[in-house]
Amino acid sequence: MEWLEQIASLRIFSGQRLSVWLWVAAGALALIVVLYWYSAMRLVVSDRWRQILTALRIAALVFLIGYLVNPVLSYRQRKTVKGAVAVALDTSQSMSIADSVGGLERLDAARQLLLRPPQEIVKRLQEKGEVVLYAFAQTAQPATLAEIHQMDRASGEATDLAAVLELIGRDAAQHRFVAAVLLTDGRSNARSDPLAALSGLRFPVHVVGLGQIEDTRARRADIALLRADANPVATKDIASVVRVRFQQTGFSGGLFPIRMTEGGDVIASKTVAAGDVTRQEAELRFTPRAIGVHTYEVAVPVQPGEAIAENNRLRFSVLVNETTFRVLYIEGGLRWEYKFLKRLLEQDPTLESRCMVRTGAEHFLTTGRGAVTLQEGFPANLDELAKFRVAILGDLPRKFWTDAQLAMLERFVSEREGGILLLGGFETFCSGAYANSPLAKLSPADLVKSVAEPPAPGKKIALTALGRRSEILTGLERAVVQMDLGRHYPLGNVKAGAEVLLETSDRRPLLVAHRYGKGRVAALATDGLWQGAFGPRRPGESTPAEQLWRQLIQWLGGVQPGEKEEKGKVLVANTDRTYYEPGRAMVVAARVNRKALPGGKASVEARFTLDRREVGRVPLQSDAREIEHVGSFDPPREGQYEIQVSLRSGNKDIEQVTLCATVGHPYRELEETTLNEPLLRAIAAQTNGRYFSVAEAGSLVEQIEREKTVRESRIEREWAASPAVFALFILLLSTEWYLRRRKSLI
């Protein structure tokens, strides 16, 4: 019998460190003292009362010794328990499709199986033991019966079967699961593999498949916008492009419009012919006319009989800037400097650039964006050249230029306030071919015949005293001396009035600049400063090399820092793209107009919202001038995000900007809506479970065998921890005190 086994397993030991026998000896001594004391009272009270009082005092003494010794009673206990069952319900958007038995939505059909007669799967399982409920979509979490009852719709934006299987696996030891039940359509569209998540499970997984194998959209056509790709930063009055990717089913051969709107006004539109392929791309062109942050919506009108209306629109934001100036870059051949500078110029939203690289004796490859186009290569006259603010001249041989073109370059600087950068190369600096040309007259240092010097370990970049004060190198004093020098093309004597800003560690000029007439000219006698642009960086952050080149171009163009800031706008912001692949960080950049900002310190914060719920906040880190701010955020899941960028002073918001961006496929749950029966059967087969259709689900409960397990544990009860023992001790002391008082012994 169980109680006999408990008695046989009984153990007693002391909760104190001292020996039990020491406490027994002390108790015996105390007992002798008590008996002697009360024997001396035989002349005061009768024998009967003396015995009663002695017994009470001895009992209290025993309790006191018990508290000091604190004996611990230990015995073995056995308990028979039944294994639990995990029941997981899919609540993703695809479960809202009404293609189940009787025209029910998949979620309603699942709840009917779980909660309502005649199946009542949960109730019937609870009669045999514990049932643990879960709900899952893009994430998985425990659920209650009340939550499943009150669920009004399936709204999850993705399905991650692996997540719920892993959660059940983690909870298996706590609940001792003997089986799991999944109710889902099996459209697992997360990156995790649900079959791989089964490796940690040691019990069968039974699956109830919901939905139809035939695609409902085979009967009802549908159009879904997948993504809208645009440059997140555009330039006022310069055409920009939005590439819209969409998926259509059932509209082959038909026509439908794609419209881009802002505040209800149509910005661009295009009529698309639906081809035989399912996925297509359309290109919309628009020209922004006002600077600032603009939120656009790309949408396709819901077509007659279309299955799903929610996936017909996407929103995104674009920051429209005003053009600062135009840059012409002409290079003698394909080299790393060209690749870097071309990218830098094309990504700067405040610049219009035209990049030309020589690919043959008379052939140039021309790229760039902007209103200025060059029909015949290099500008034909001074007026055409003067449309640019800065000209960057790469490594071109002297014979490339006519005398008239070089004279035009000299007038471009001296008369039209242009800026010219002479970029390091053998033909320009070492050949000596330009020694007596107008270009040598423009240069801040003599162009003499010399020998190019390859990189050397001990040769580095040094910052001069004039360089420390130059606006070209503002904020770069420490970084520039750590950049790679690369190949050095020695210059001749520095001209009077020119400033050496950078030099080699052996004191030879590297970056020299001066004012010439109304314009500015700089010579950079190295080809290595681009290398730092491809180093590691935080998302959205510029490298020191990129910052150096931007500040050099701005100086050549005569633009002072903050010159183009609007006095009315304090804050502008943008994301680094309008569409993000899953797993990619969202980068938010903001610019603060310090001239229009009230006095005092200010901070910039980005708040991210999805489905009208805040999912994160990120403080944007500022540069040394507290003008440029940048921060990154890892989106928890896919969807259309709204980003509120706030400029704050203390606890007060000074100005706010709202942006929109898309992560992944917000409506991918509705892209593939068929029952994924092969995957669900594989899950059941791999775990020795069974696959059930809705019609067969009534027999599911009988398939689950509840294993009985005997759990053995050892129970320990401390004397001092028992409230009853303490209460009895107080009662004994109180009774003895009352009787002694009654007999006038105290």
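Treat the numbers as computed from the prediction; the structure is a model and nothing was measured.
When atom types are taken as modelled, the side chain of E297 and the backbone of M260 share no donor-acceptor pair closer than 3.5 angstrom. Side chain of R111 to main chain of I148: a donor-acceptor pair is present (N/O by atom type, distance under 3.5 Å, no hydrogens or angles). Without hydrogens or angle criteria, E147 side chain to T144 main chain gives a donor-acceptor distance under 3.5 Å. The main-chain N or O of V618 is never found under 3.5 Å from a side-chain atom of E605 such that the two would form a donor-acceptor pair. Checking side-chain atoms of N688 against main-chain N and O of P204 turns up no donor-acceptor pair under 3.5 Å. Proximity of a side-chain donor or acceptor of R202 to a complementary backbone N or O of S199 within less than 3.5 Å is detected. Side chain of R187 to backbone of T674: a donor-acceptor contact under 3.5 angstrom is found. At distances below 3.5 Å, not a single donor-acceptor pair connects side-chain atoms of E281 with backbone N or O atoms of F246. H206 contributes a side-chain N or O that, together with a main-chain N or O of R690, makes up a donor-acceptor pair within less than 3.5 Å. A donor-acceptor pair is defined here as one N or O able to donate and one able to accept, closer than 3.5 Å; no such pair exists between the side chain of S646 and the backbone of R648.
Taking the side chain as every heavy atom from C-beta outward, V615 and L610 approach each other to under 4.5 Å. Side-chain atoms of I704 and L125, non-hydrogen and from C-beta on, do get closer than 4.5 Å to each other. At a threshold of 4.5 Å between non-hydrogen side-chain atoms, the residues V588 and V645 count as touching. T91 has its side chain out of reach of Q138: every pair of non-hydrogen atoms, C-beta onward, lies at least 4.5 Å apart. By the 4.5 Å heavy-atom criterion applied to side chains, Q112 and L104 are counted as neighbours. Under the 4.5 Å side-chain criterion, counting only non-hydrogen atoms from C-beta, L647 is not in contact with D653. With a 4.5 Å cut-off on side-chain heavy atoms, T575 and F316 do not count as touching. Side-chain contact between M586 and I643 is present, with heavy atoms from C-beta onward closer than 4.5 Å.
In the model, H629 has no side-chain atom that pairs as donor or acceptor with a side-chain atom of Q621 under 3.5 Å.
Between E283 and R285 there is a salt bridge, since a side-chain N of the basic residue sits under 4.0 Å from a carboxylate O of the acidic one. Contact check on R124 versus E120 returns no salt bridge, with no Lys/Arg side-chain nitrogen under 4.0 Å from an Asp/Glu carboxylate oxygen. Ion pairing between a basic and an acidic side chain is recognised when a charged N comes within 4.0 Å of a carboxylate O; R315 and E642 show such pairing. Ion pairing between a basic and an acidic side chain is recognised when a charged N comes within 4.0 Å of a carboxylate O; D229 and R243 show no such pairing.
For Y580 and F633, the gap between ring centers reaches or exceeds 6.0 Å. Separation of the Y641 and F608 ring centroids does not fall under the 6.0 Å cut-off.
Of the candidates N311, I258, L314, V272, I258 is the only one forming a side chain to side chain contact (heavy atoms under 4.5 Å, CB included) with V300.
Residue M151 holds its CE atom at 11.0 Å from CG of D108, rounded to the nearest 0.5 Å. Distance check: R106 CZ to L183 CG gives 13.0 Å after rounding to the nearest 0.5 Å. Going from atom CG of L680 over to atom CG of D185 covers 8.0 Å, rounded to the nearest 0.5 Å. Remark: H294 NE2 to N574 CG distance equals 12.5 Å, nearest 0.5 Å.
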Please test L210 against L675 for side chain to side chain contact (heavy atoms under 4.5 Å, CB included), starting from the C-alpha separation and ending with a verdict. CA-CA 7 Å; L210 296 126; L675 170 64; 5.6 Å; no
Mind running side chain to side chain contact (heavy atoms under 4.5 Å, CB included) on L182 and L161 for me, showing each step along the way? CA-CA 9 Å; L182 298 182; L161 274 172; 4.2 Å; yes
Can you check side chain to side chain donor-acceptor pair (under 3.5 Å) on T578 and R227, steps first, answer last? CA-CA 9 Å; T578 58; R227 58 190 288 179; over 6 Å; no
Working for side chain to side chain donor-acceptor pair (under 3.5 Å), residues S317 and T295: CA-CA 4 Å; S317 296; T295 298; 3.3 Å; yes
